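This structure is a prediction, so every number in the text was calculated from the model and none was measured. The sequence lines fix the lettering, A, B, ..., with proteins before strands; numbering per chain opens at 1.
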Number of protein chains: 4
Amino acid sequence: MSDVRVTVWNEYRHEREDEEVAEVYPDGIHEAIAEGYEERGYETQTATLDDPEHGLTEAVLDETDVLTWWGHRAHDEVDDEVVDRVVERVLDGMGLLVLHSGHYSKPFKRLMGTRCSLKWRESGEKERLWVTDPSHPIADGLDEYVEIPEAEMYGEHFDVPAPEQLVFTSWFEGGEVFRSGCCYARGSGRVFYFRPGHETYPIYYRDDVRNVLANAAEWAAPGDGPTPTYENVDPLEDLSD
Amino acid sequence: MSDVRVTVWNEYRHEREDEEVAEVYPDGIHEAIAEGYEERGYETQTATLDDPEHGLTEAVLDETDVLTWWGHRAHDEVDDEVVDRVVERVLDGMGLLVLHSGHYSKPFKRLMGTRCSLKWRESGEKERLWVTDPSHPIADGLDEYVEIPEAEMYGEHFDVPAPEQLVFTSWFEGGEVFRSGCCYARGSGRVFYFRPGHETYPIYYRDDVRNVLANAAEWAAPGDGPTPTYENVDPLEDLSD
Amino acid sequence: MSDVRVTVWNEYRHEREDEEVAEVYPDGIHEAIAEGYEERGYETQTATLDDPEHGLTEAVLDETDVLTWWGHRAHDEVDDEVVDRVVERVLDGMGLLVLHSGHYSKPFKRLMGTRCSLKWRESGEKERLWVTDPSHPIADGLDEYVEIPEAEMYGEHFDVPAPEQLVFTSWFEGGEVFRSGCCYARGSGRVFYFRPGHETYPIYYRDDVRNVLANAAEWAAPGDGPTPTYENVDPLEDLSD
Amino acid sequence: MSDVRVTVWNEYRHEREDEEVAEVYPDGIHEAIAEGYEERGYETQTATLDDPEHGLTEAVLDETDVLTWWGHRAHDEVDDEVVDRVVERVLDGMGLLVLHSGHYSKPFKRLMGTRCSLKWRESGEKERLWVTDPSHPIADGLDEYVEIPEAEMYGEHFDVPAPEQLVFTSWFEGGEVFRSGCCYARGSGRVFYFRPGHETYPIYYRDDVRNVLANAAEWAAPGDGPTPTYENVDPLEDLSD
């Protein structure tokens, strides 16, 4: 059991429009991710693009400690008002886990300040996510690498700020590497980018991937640190002496 | 002599509207900063908010290696199209030096992804900028600290991503500290935030401050690194075997 | 209650030899620190320089998740074999919290690779430890700063590698700043340097300081990440093709 | 022409004892590396293990801005007094470039504070060093990756502190990745670890590798930053008020 409350957001278009995807994720990618959290004792809800306010109302976010984000083809349809809301929540402490093609999502690009571009190839090739920081709690319970037999390739250069901790670095059969597990602090919140998870591969059913997502939720969950004030302040003592 | 071409941008409103400021910077803050660069052999131009396109046309930016940015009361008047242009240039390699109240400028907030808030006090108090990274070229030629006898205070928490290198940390007489010299890489470009420089103190006439700005321009100037491609790529070898 | 087992190490010389120190810490600094952990539900033991093997036998370390280290005048008397043992344990995952004058201890210098020098002044002056990373769990439960009315001053430059996360930055009345809460990963272990704690000031009785030490123990405790192997390895597939 | 003075240090045993190595580097690895620097206008000297004081006398180091280090089988024969001397020089500002199997050299392990272990395989397999920080001057003049057709493999986990800037990440044909270009600041000095360079592959004759070494020498060369003092200091003002 965890007391971290997770909201799983998904674009949920591929699964409804593409038969090949629907076979892999018949109930949507969000349900597969949510199932992983539920198995591990997390209070979980889901939200999708076509819900009112994309399912991310103030009320939903009030009950969200960590938000996971999967999107791909419809990033532009995410309303800027909702993006503002999500970004503000992160800066105030909510955790954000950005998955795979979510690298191009509006909230991630806003929080990174860069283009978040990369190379790619849809080739069903082998990927190995090597743990490059064994001291990091997101790597808890893992072996030295996670091997995914068929993956979409993402390759460097990944145009993000240098990760503050780099938990995973991927090797791809076809010749590329990728910084696949990237930790950031933004304001009072924490952001984790995790690479695996294409819509045509059953990656979110894997136990190791679900363990990473659970570890990442624990790591990204809001702490109890100070709420900084940003204002005109008095000096400690009279400076006129 | 340096072959780095610097463009000094200034909001240039305080100096024209406020007598006290005009006494300190009769030709505008930009001219004082530009003078420092010219003394040190830099090819320098200036641009201000009320110039057409804020003086930051594509043609001007084509001849700019490093842009310095001072703004305060009119951040919102900076046109988003110009902000986009500046941010794109930085991601493509142009250096950006953000000065003092420029922490709230649109380009800086966009590149940081955070609110960039802080505490402040206009009290003419003493500041010491301690060099916390003596190996960094931006500290070249300095003593262990730069002491500014009268400064506006900026205090933590400074809501920016953790600097990738922290060159200066400020002490203020009234009880605060501040990360005053913050280095970032963004895309192929480099950003340096430098705290000193209020409009009512003659800080940009100081030799040590001008040396820091010159060092920072050298550090932030575009390199000759690879221009990454972001596209669908072929594998090194046929993956079908 | 926590399941993190803490061993509190202390040089324990000042308290036995100096009346002024004995008044502040009659049972030794280690007992004051240990009391803070016990109050917070930690299984705690203590060890001191003059114990056999300095109290840090393999058996003791086998039951230690996090070791705290306070030393000052007798760093050189710590046996190199014990130092090796402690350093190896850290690289294998044990947490290490280095306190105040422990900056010059052998294990800390070995793990940092630098001289760990700093400026100092014994003046009983005011210190404010500003939280510079409110997203960090070591800052949980704190206000924006911890104010210590009488402290020994430590000033920059602090000759350590740039902290991987900088949780606290201190302000001192007399004109200095200091990076006072510094996080590092080393091998599979984690190291936290925390500045406060001179032998003549009752700093380790403070609730806020004890809370920081408890937070730091949680952060530094060994995780369950992979144990890397370092060896000659076979390729994924035959490379002779 | 550069005004950076480079000293190239080599163990110089393989080349004299192993015919296969002697064919690749008949005058020793140091001469091949030195040739690359000389071609690019650097004042260069060499030093080897079997020279008196390993060729690294105080006089030689007085004329050294950047020291490159290649060693493999005889790390233990490097005298601790010379190691101390080198480490002290680095902390005082001298640049250090550690090459390939130098990861296990005494100076590197001392400056890192970790075991510096890794996986390996002598298989003559293909390596691609991807530039993961295109803004970094060490990547100047390079393409997106450097491809080495036959290399010894080094694989993660590489047991070093997280690099402060990560310039290269290697892909290996057999399934591993490696952080191959790692930047560190230590004291007033800078350290760069660069992976390529096995004794049986002609890697140090390559123009791209020589360009990297030249860029790295420029980056690591001593600056003109402040020389910190570490002592008992007076307060800015009388604290007794």
Cut-off 4.5 Å, heavy atoms of chain A, and the answer for B/Thr229 is both
Chain A heavy atoms under 4.5 Å from B/Glu88: which part of the residue, side chain, backbone, both or neither? both
Could you go through A/Asp92 and B/Arg115, starting from their C-alpha distance and side-chain angles, then the distance that decides it, and tell me whether this counts as side-chain contact (heavy atoms from CB on, under 4.5 Å)? CA-CA 10 Å; A/Asp92 286 337; B/Arg115 291 177 183 134; 3.0 Å; yes
Please classify the contact between B/Leu118 and chain A as side chain, backbone, both or neither, with a heavy-atom cut-off of under 4.5 Å. backbone
In this structure, CG of B/Asp159 is separated from CZ of A/Arg186 (nearest 0.5 Å) by 10.0 Å
CD of A/Glu164 to CD of B/Glu164: how many Å apart, nearest 0.5 Å? 8.5 Å
Could you tell me if the side chain of A/Pro235 sits less than 4.5 Å from the side chain of B/Arg121, heavy atoms only? yes
Only one of B/Val87, B/Leu91, B/Val90 passes side-chain contact (heavy atoms from CB on, under 4.5 Å) with A/Thr114; say which it is. B/Leu91
Using a cut-off of under 4.5 Å for heavy-atom pairs, which of B/Gly124, B/Gly175, B/Ser123, B/Gly187 has the most such pairs with chain A? B/Gly187
Heavy atoms only, distances under 4.5 angstrom: which of B/Val233, B/Leu236, B/Asp234 has the most pairs with chain A? Name it, please. B/Val233
Value rounded to 0.5 Å, distance of CG in B/Asn232 from CD in A/Glu122: 7.5 Å
Could you tell me whether B/Glu81 atom CD has more than 12 heavy atoms of other residues or ligands within 6.0 Å of it? no
